[in-house]
Amino acid sequence: MNAALLARFAEVLRASLRHHFFDEPRWFTPVLSLPFDRGRSHLVIVLENPGPFAFLRSQSPFAGADAPARFTVLNGAQVEDISVDGRTLHLDVVTRRDREALRLRVALYGANGHAVLVRGTSVLETVGRA
């Protein structure tokens, strides 16, 4: 996904996700599925080839398939803002329980794509290639 397309997509995401709540993210290698609003919508991110892709869907593309939970601290977190830096998507969230500010950085670099959850400068969790 090139930077210009990602910037336009970020505008759509901001309008669709800001002030909404994430459900539990799942990792279908190499796909990160981020459901929100009790599964009514899904942000799906493919971090390897073919890809990278990121898209919104009203239904899960996995039809009830199960995968390991990842970034579980995001479950119930509210999206505060969405921004882009080159081909990296930033989702700023506040956790429900501790009201803790976190950032999910998703680098859309095809086979080198990765997602990293950070608190300040501390890495909490990562998927894909570091």
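In this text, all values refer to a predicted model and were calculated from it rather than measured experimentally.
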(message) Here's one to test your reading of the geometry: is the NZ or CZ of R26 within 45 degrees of the ring axis of F62 and under 6.0 Å from its centre?
(response) no
Is any side-chain heavy atom of [X] less than 4.5 Å from a side-chain heavy atom of [Y]?
X: F28; Y: V44; result: no
X: F22; Y: V93; result: yes
X: R97; Y: V73; result: no

Look up atom [atom1] in [X] and atom [atom2] in [Y], then write down how far apart they are to the nearest 0.5 Å.
X: L117; Y: R103; atom1: CG; atom2: CZ; answer: 11.5 Å
X: L124; Y: F71; atom1: CG; atom2: CZ; answer: 9.5 Å
X: H114; Y: E48; atom1: NE2; atom2: CD; answer: 12.0 Å
X: S16; Y: I82; atom1: OG; atom2: CD1; answer: 8.0 Å
X: E125; Y: L104; atom1: CD; atom2: CG; answer: 9.5 Å
X: L43; Y: H20; atom1: CG; atom2: NE2; answer: 13.0 Å

(request) Could you point out which residue of L17, D92, L91 forms a side-chain contact (heavy atoms from CB on, under 4.5 Å) with D81? (result) D92
(message) Given L108, which partner from the list I45, T88, L5 fulfils the side-chain contact (heavy atoms from CB on, under 4.5 Å) test?
(response) I45
Do [X] and [Y] share a hydrophobic cluster (ILVMFWY, side-chain heavy atoms under 4.5 Å, transitive)?
X: F9; Y: V84; answer: yes
X: W27; Y: V116; answer: no
X: V118; Y: L47; answer: no

Heavy-atom pair with the smallest gap, counting every atom of [X] and [Y]:
X: F36; Y: F21; value: CB-O, 3.1 Å
X: R96; Y: R99; value: O-CD, 3.8 Å
X: A10; Y: L89; value: CB-CD1, 4.3 Å
X: L32; Y: P25; value: CD1-CB, 4.4 Å

Heavy-atom donor-acceptor pair, [X] side chain to [Y] backbone, under 3.5 Å:
X: H42; Y: R57; result: no
X: R70; Y: T126; result: yes
X: R87; Y: Y109; result: no
X: Q78; Y: V94; result: no

(request) Inspect the surroundings of CZ in R105 and state if more than 12 heavy atoms from other residues, nucleotides or ligands are less than 6.0 Å away. (result) no
